[in-house]
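Indexing begins at 1, ligand by ligand and atom by atom, following the structure's order.
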Amino acid sequence: MKIAFIGTGNMGGALARAASREQENRIYLVNRHPEKAEALRREIGGEVTDYAQAVREAELVFLGVKPHVLPELCETLRPLLREKKAPFAVVSMAAGVPVARLRELLGDCPMIRIMPNTPVAVGEGMILYTGDAEEEMEAFLHAMRFAGRFLRVEERLMDAGMAVSGCGPAFVDLFVEALSDAGVASGLSRKDATVLAAQMILGSARLILESGRHPAELKDAVCSPGGTTIQGVRKLEEKGFRSAVIEAVIAARDA
Ligand SMILES: NC(=O)c1ccc[n+]([C@@H]2O[C@H](COP(=O)([O-])OP(=O)(O)OC[C@H]3O[C@@H](n4cnc5c(N)ncnc54)[C@H](OP(=O)(O)O)[C@@H]3O)[C@@H](O)[C@H]2O)c1
C-alpha cells in the first residue's frame with residue numbers, strides 16, 4: 001500500500017516506522033523541515049517528497065502535525081485532495097479534532113481518525129480508531145498491522161481512550177522512574193533498577209492481556225497474607241495512588 005506521512009515528528013515518525021515493517025508498503029515522507037524526513041528515510045527507507053506528490057500517490061494520507069497547525073496544513077491539502085480519486089483515506093492522529101472538524105477543513109473525503117501512542121515505535125502501540133471510511137478501514141488495519149493492537153471505538157469515546165492509552169505512556173514513564181529511584185535509593189544501579197521496573201511492567205501487562213484475569217485478582221495473587229507486598233499496597237493507598245491516577249486521566253481527558 002502507498003502511504004504518505006505528512007509531519008514526521010514523534011508520532012508520525014513512529015507510525016511511519018511501523019508501516020515500514022510491512023514490506024508491501026511504499027512510504028512517502030513530508031515534513032516542514034525536510035531534513036527531519038530525510039533522517040527518517042535513511043532509517044526506514046521510502047521517499048522524501050512534497051505535498052502534491054504525497055497526496056497524488058498515497059492511498060492513506062497520515063496527518064502528523066500538531067492540532068494547531070492543522071488548519072494551515074489543510075488549506076494546502078484541500079485542493080490536492082479534491083483532485084484525488086477513491087479509494088483513499090485521510091488518517092488524522094490530531095488529539096481532540098473530530099471527524100466533522102476535519103471535514104470542514106479538508107472537504108468531503110474518506111476519513112479515519114486515530115489515537116495512537118508512542119509504543120507504536122516498537123510495534124506495541126495501542127491505536128484507537130474511528131471514522132466512516134469503511135472500505136479503506138480494512139486496508140488501513142492491514143497496512144499498519146505491525147504498529148500494535150487496534151480498537152475501534154465510537155468517536156465520543158476517543159478523548160477518554162486518548163487519556164488512558166495516548167497519555168498513558170508518560171504516566172508509566174513517571175512510574176518507572178519512581179520505581180527506579182526507589183531501587184537506586186536501596187542500592188541498585190540506575191541501569192539495573194530501570195530494567196527491573198520496565199520489564200516488570202511489560203510482564204505484568206502481558207499477564208493481564210494474556211490471562212484475561214481482572215487486575216485485582218492478579219494483585220491478590222502477589223499479596224500473601226502478612227507478607228511484604230500488601231504492606232506496599234497499604235502505603236500506596238495511604239498516599240492516594242489510585243485516586244492520583246484516576247484524577248490524572250480525567251484531567252488529561254478534559255484538557
Ligand atoms: N506524541 C504523542 O504521544 C501523541 C499521541 C497521540 C496523538 N498525537 C498527535 O500526533 C500529532 C503530532 O504530535 P507529535 O507529538 O508527533 O508532534 P511533533 O513531534 O512536534 O511532530 C509534528 C511534526 O509536524 C511537522 N510539521 C509541522 N508543520 C508542518 C507542515 N505544515 N507540513 C509538514 N510538516 C509539518 C513538524 O516539523 P518541524 O519539526 O520541521 O517543525 C514535526 O516534525 C498531534 O496531532 C498529536 O495530537 C501525539
Side-chain angles (χ1 to χ4, degrees), residues 3-19 27-44 46-58 60-81 90-99 101-102 105-106 111-131 140 144 147-151 153 155 157-174 176 248-249 251-255:
I3 312 179
F5 293 90
I6 300 180
T8 59
N10 289 319
M11 208 56 251
L15 286 160
R17 275 186 193 87
I27 314 281
Y28 298 90
L29 304 168
V30 185
N31 199 66
R32 179 163 46 193
H33 297 100
E35 56 275 16
K36 201 157 160 185
E38 179 54 32
L40 186 61
R41 186 202 62 76
R42 281 198 293 274
E43 189 190 324
I44 67 169
E47 203 175 313
V48 174
T49 185
D50 54 21
Y51 299 127
Q53 192 197 5
V55 172
R56 194 172 55 243
E57 298 289 338
L60 291 175
V61 180
F62 280 76
L63 306 182
V65 302
K66 294 277 191 198
H68 71 273
V69 181
L70 210 52
E72 175 200 322
L73 173 66
C74 290
E75 224 168 280
T76 310
L77 298 184
R78 193 183 170 114
L80 300 171
L81 285 165
V90 172
V91 184
S92 168
M93 64 194 79
V97 182
V99 170
R101 173 66 182 143
L102 292 167
L105 293 169
L106 284 173
M111 304 272 182
I112 302 173
R113 180 182 166 199
I114 64 170
M115 181 41 63
N117 62 7
T118 47
V120 156
V122 292
E124 290 291 352
M126 181 69 239
I127 301 111
L128 302 170
Y129 68 101
T130 195
F140 156 76
M144 297 304 298
R149 192 179 284 254
F150 289 79
L151 181 70
V153 293
E155 184 158 35
L157 295 174
M158 283 295 270
D159 290 346
M162 178 274 299
V164 175
S165 59
C167 304
F171 307 153
V172 171
D173 291 338
L174 275 183
V176 169
V249 171
R253 181 201 66 189
D254 294 344

Subject >> Criterion side-chain contact (heavy atoms from CB on, under 4.5 Å) on Leu40 and Asn31, from CA distance to verdict >> reply: CA-CA 10 Å; Leu40 186 61; Asn31 199 66; over 6 Å; no

**OP:** Given side-chain contact (heavy atoms from CB on, under 4.5 Å), test Val90 with Leu106 step by step and report yes or no.
**Re:** CA-CA 9 Å; Val90 172; Leu106 284 173; 3.8 Å; yes

Original post:
Run the side-chain contact (heavy atoms from CB on, under 4.5 Å) check on Ile114 and Phe140 step by step: do they pass?
Top reply: CA-CA 11 Å; Ile114 64 170; Phe140 156 76; 3.6 Å; yes

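With hydrogens and angles disregarded, no donor-acceptor distance shorter than 3.5 Å links the side chain of Glu57 to the backbone of Tyr28. Panel note: side chain Thr130, backbone Val153; a donor-acceptor pair is recorded below 3.5 Å. Of the possible donor and acceptor atoms, one in the side chain of Arg113 sits under 3.5 Å from a partner among the backbone N and O of Val97.
Of the protein's non-hydrogen atoms, the one nearest atom 37 (O) of ligand 1 is Asn31 ND2, 3.0 Å. Nearest protein heavy-atom neighbour of atom 24 (O) of ligand 1: Gly7 CA, 3.5 Å. From the protein, the heavy atom lying nearest to atom 7 (C) of ligand 1 is Met93 O, 3.4 Å. Atom 14 (P) of ligand 1 has as its closest protein heavy atom Lys66 NZ, 3.9 Å. Nearest non-hydrogen protein atom to atom 12 (C) of ligand 1 is Gly64 O, 3.2 Å. When hydrogens are left out, the protein atom nearest atom 47 (O) of ligand 1 is Ala95 N, 3.0 Å; that is the closest non-hydrogen contact. Protein heavy atom closest to atom 19 (O) of ligand 1, with residue, atom name and distance, is Asn10 N, 2.9 Å.
Looking at Thr76, Val69, Ile127, it is Val69 that brings a heavy atom closest to atom 28 (N) of ligand 1. Compare Met115, Met11, Glu72, Arg32 by their heavy atoms: the one nearest to atom 27 (C) of ligand 1 is in Arg32. Between atom 39 (O) of ligand 1 and the options His33, Glu75, Lys36, Glu35, the minimum heavy-atom separation is to Lys36.
Close approach to Thr8 involves these atoms of ligand 1, each under 4.0 Å from a residue heavy atom: 43 (O). Numbered from 1 in the order shown, with element, the atoms of ligand 1 that lie under 4.0 Å from a heavy atom of Tyr51 read 30 (C), 31 (N), 32 (N), 33 (C). Short contacts between ligand 1 and Ala94, defined as distances under 4.0 Å to a heavy atom of the residue, involve ligand atoms 45 (O), 47 (O). Under a 4.0 Å criterion applied to the non-hydrogen atoms of Thr118, ligand 1 contributes the atoms 3 (O).
Among the atoms of Val65, some N or O lies under 3.5 angstrom from an N or O of ligand 1. Backbone and side-chain nitrogen or oxygen atoms of Gly9 are examined, and one is located within less than 3.5 angstrom of a nitrogen or oxygen of ligand 1. For ligand 1, the polar-atom distance check against Ile6 finds no nitrogen or oxygen pair separated by under 3.5 Å.
One finds the CG atom of Asn117 at 12.0 Å from the CZ atom of Arg149 (value rounded to the nearest 0.5 Å).
Scored by the salt bridge (Lys or Arg N to Asp or Glu O under 4.0 Å) test, Glu124 finds no partners at all (sequence neighbours excluded). Applying the side chain to side chain donor-acceptor pair (under 3.5 Å) criterion to Gln53, with sequence neighbours excluded, gives Glu47, Thr49.
Crowding of Glu43 atom CD: a count of heavy atoms from other residues, nucleotides or ligands under 6.0 Å exceeding 12.
With Phe62 as reference, Val91 is the one residue of Ile112, Ile6, Val91 to meet the side chain to side chain contact (heavy atoms under 4.5 Å, CB included) rule.
Proximity of Pro67 to ligand 1, defined as any heavy-atom pair under 4.0 Å, is shared by backbone and side chain alike.
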